[in-house]
2 protein chains.
Amino acid sequence: MSTLDALDTKLLLALIEDPRAQIADLAERLGVARNTVQSRFRRLQRAEILRGGGREVDLEALGYDVVAFMTLEVVHRELDAVIAGLRRIPSILEAHEISGRGDIWCRLAATDTHGLQSALRSVLRIRGVIRSETVLALHTHIGYRADQLLRRSLDAVGGARSEGEPKAPEEGQ
Amino acid sequence: MSTLDALDTKLLLALIEDPRAQIADLAERLGVARNTVQSRFRRLQRAEILRGGGREVDLEALGYDVVAFMTLEVVHRELDAVIAGLRRIPSILEAHEISGRGDIWCRLAATDTHGLQSALRSVLRIRGVIRSETVLALHTHIGYRADQLLRRSLDAVGGARSEGEPKAPEEGQ
DNA sequence: AACTCTTCTGAGCATAACGCTCAATTGAGC
DNA sequence: GCTCAATTGAGCGTTATGCTCAGAAGAGTT
């Protein structure tokens, strides 16, 4: 289980909303001394729960060890209602409409397999959901990144590169 | 096409690396006046290319209009090599090992369908890749979010809630 | 009840960053 | 050569930062 208390969690929430928020503002918003936020923030950073400095939160540190991907087949004219239903389930981390087999693709997180089962039940209870197919994410080999894309854009536009930076590969578009 | 020049792109890259980086540091790193970074930063923020203040970059603003999901079946003993190959393709935004049908799940982005085709060809050229299945992401209904999860953790631990904040729903685990 | 240990608090301090303005310079396009 | 937008460097007052320190508050223990 995570070692985060309510204050840590609130701090993370505030930082997700605005990663560049100032320490003093955060302190005021959380109704706590500036010093406290400063030390909490430092701790979260050092523990790498706050990755990159506020961009993303380490879900495992929060105790969400199970991540799964799910495709959903839905009654098309109920699509909006299904989306609204998904939105109400905290375990749903994202949801996209897709082409091909299945109509919606989702990512979900849970503390354990029981939590996952519970989340899946919630999903299947949504009116308009016909069928679901779920796979477990066993390991993240490449975490979300957009920097490679940016680096390639940089090459395309001919931006000078600072020393030491690796050149982005050219494969694929 | 995007209206971002090399400096904008470099600024975004630096902010992805460290969303809380100081303006002055960024200016020094990019070898440009502090004032310049300040105005560029403000512009990126206002144009909402920098979402949330540094958390994520708007891919569409960069000209990447096509997003797709791909499952890959691979020769298991070549898994590491496949991952390494994927890592070298900028279009691959993330990659996870999964259970069930297909062995790897990826998200990829491209400027258009030609770019997507090119990326897919790059993937299929990787030694160890047996078969791929790709679906287009037509629309993002729920973008990546972790705040709901955090809010539920807050409720679980009994954190007091500031005024006006909506209570996180209770459905699912 | 006293004790310890940790955390939070509030204050203070020197340094640095911030947001802003302004005049001068640069560079591209006409 | 001209215009226009962007960049630069300097300067300004205000604010945030990182730091220290002593005291208060709580939880858990003896």
Side-chain angles (χ1 to χ4, degrees), chain A residues 1-55 61-63 150 153-163, chain B residues 1-55 57 61-63 150 153-154 156-163:
Chain A
M1 180 47 199
S2 81
T3 173
L4 300 179
D5 65 1
L7 185 56
D8 288 316
T9 310
K10 284 194 219 170
L11 183 53
L12 288 176
L13 266 171
L15 281 167
I16 285 179
E17 263 184 50
D18 178 12
R20 287 184 69 86
Q22 325 229 56
I23 303 288
D25 288 340
L26 293 169
E28 193 184 2
R29 231 167 109 186
L30 304 186
V32 102
R34 186 167 73 90
N35 254 344
T36 306
V37 172
Q38 204 146 349
S39 63
R40 295 294 190 116
F41 179 79
R42 213 165 12 204
R43 191 198 308 159
L44 290 174
Q45 262 197 157
R46 264 204 292 260
E48 293 190 319
I49 291 167
L50 246 184
R51 284 188 292 214
R55 184 168 62 255
L62 275 163
L150 282 170
S153 299
L154 204 51
D155 291 338
V157 83
R161 184 170 300 281
S162 11
E163 6 50 73
Chain B
M1 182 45 199
S2 81
T3 173
L4 301 179
D5 66 1
L7 185 56
D8 287 316
T9 309
K10 284 194 218 170
L11 183 53
L12 288 175
L13 265 170
L15 281 167
I16 285 179
E17 262 185 51
D18 179 11
R20 287 184 68 87
Q22 324 230 56
I23 303 289
D25 288 340
L26 293 169
E28 192 183 1
R29 231 166 107 186
L30 303 187
V32 102
R34 186 167 73 91
N35 255 344
T36 305
V37 172
Q38 205 145 348
S39 63
R40 294 294 190 116
F41 178 79
R42 213 167 10 207
R43 191 199 307 159
L44 290 174
Q45 262 199 157
R46 264 204 293 260
E48 293 190 317
I49 291 168
L50 248 183
R51 286 189 290 215
R55 180 165 65 255
V57 168
L62 276 163
L150 283 170
S153 297
L154 244 191
V157 82
R161 183 170 299 281
S162 12
E163 4 52 72

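Both backbone and side-chain heavy atoms feed into the values below; hydrogens, waters and symmetry mates do not.
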What verdict does the side-chain contact (heavy atoms from CB on, under 4.5 Å) test give for B/Asp25 and B/Asp18, after you've listed the backbone C-alpha separation in whole Å, the side-chain angles of each residue and the deciding distance to 0.1 Å? CA-CA 11 Å; B/Asp25 288 340; B/Asp18 179 11; over 6 Å; no

If I take atom [atom1] in residue [X] and atom [atom2] in nucleotide [N], what distance separates them, rounded to the nearest angstrom?
X	N	atom1	atom2	value
B/Arg46	C/dG19	CZ	P	12 Å
A/Gln45	D/dT17	CD	P	13 Å
A/Glu28	C/dT9	CD	C1'	16 Å

Testing the basics here: between A/Ala27 and A/Arg34, what is the closest heavy-atom pair and its distance to 0.1 Å? CB-CA, 3.6 Å

For the student: nearest non-hydrogen atoms of B/Phe41 and B/Leu11, plus distance: N-CD2, 3.9 Å

What pairs of nitrogen or oxygen atoms, one from the protein and one from nucleotides 4-7 of chain C, lie under 3.5 Å apart?
none

Under 3.5 Å, which N/O atoms of the protein pair with N/O atoms of nucleotides 22-30 of chain C?
none

So if I apply the side chain to side chain contact (heavy atoms under 4.5 Å, CB included) rule between B/Arg46 and each of B/Arg42, B/Glu48, B/Arg43, which one comes out positive? B/Arg42

Could you check whether any side-chain N or O of A/Arg20 sits under 3.5 Å from a backbone N or O of B/Ala21, counting only pairs where one atom can act as donor and the other as acceptor? yes

Hey, does B/Thr36 have a side-chain heavy atom less than 4.5 Å from the side chain of B/Leu7? yes

Taking the side chain as everything from C-beta on, heavy atoms only, tell me whether A/Leu15 gets closer than 4.5 Å to A/Leu26. yes

How would you list, by chain and number, every residue that makes a side-chain hydrogen bond (donor to acceptor under 3.5 Å, both in side chains) with A/Arg40, sequence neighbours excluded? A/Asp5, A/Asp8

Inter-residue atom distance [X].[atom1] - [Y].[atom2], 0.5 Å rounding:
X	Y	atom1	atom2	value
B/Ile49	B/Leu12	CD1	CG	7.0 Å
A/Leu154	B/Thr9	CG	OG1	5.5 Å
A/Leu4	B/Ser153	CG	OG	8.0 Å

Identify each atom pair where a protein N or O and an N or O of nucleotides 12-16 of chain D are less than 3.5 Å apart, giving names and distance.
| unit_1 | atom_1 | unit_2 | atom_2 | d |
| --- | --- | --- | --- | --- |
| D/dA16 | O3' | A/Gln22 | OE1 | 3.2 |

Pairs: protein N or O with nucleotides 27-29 of chain D N or O, under 3.5 Å:
none

Over the length of the helix from C/dA1-D/dT30 to C/dC30-D/dG1, how much do the five-pair end axes diverge, rounded to 10 degrees? 40°

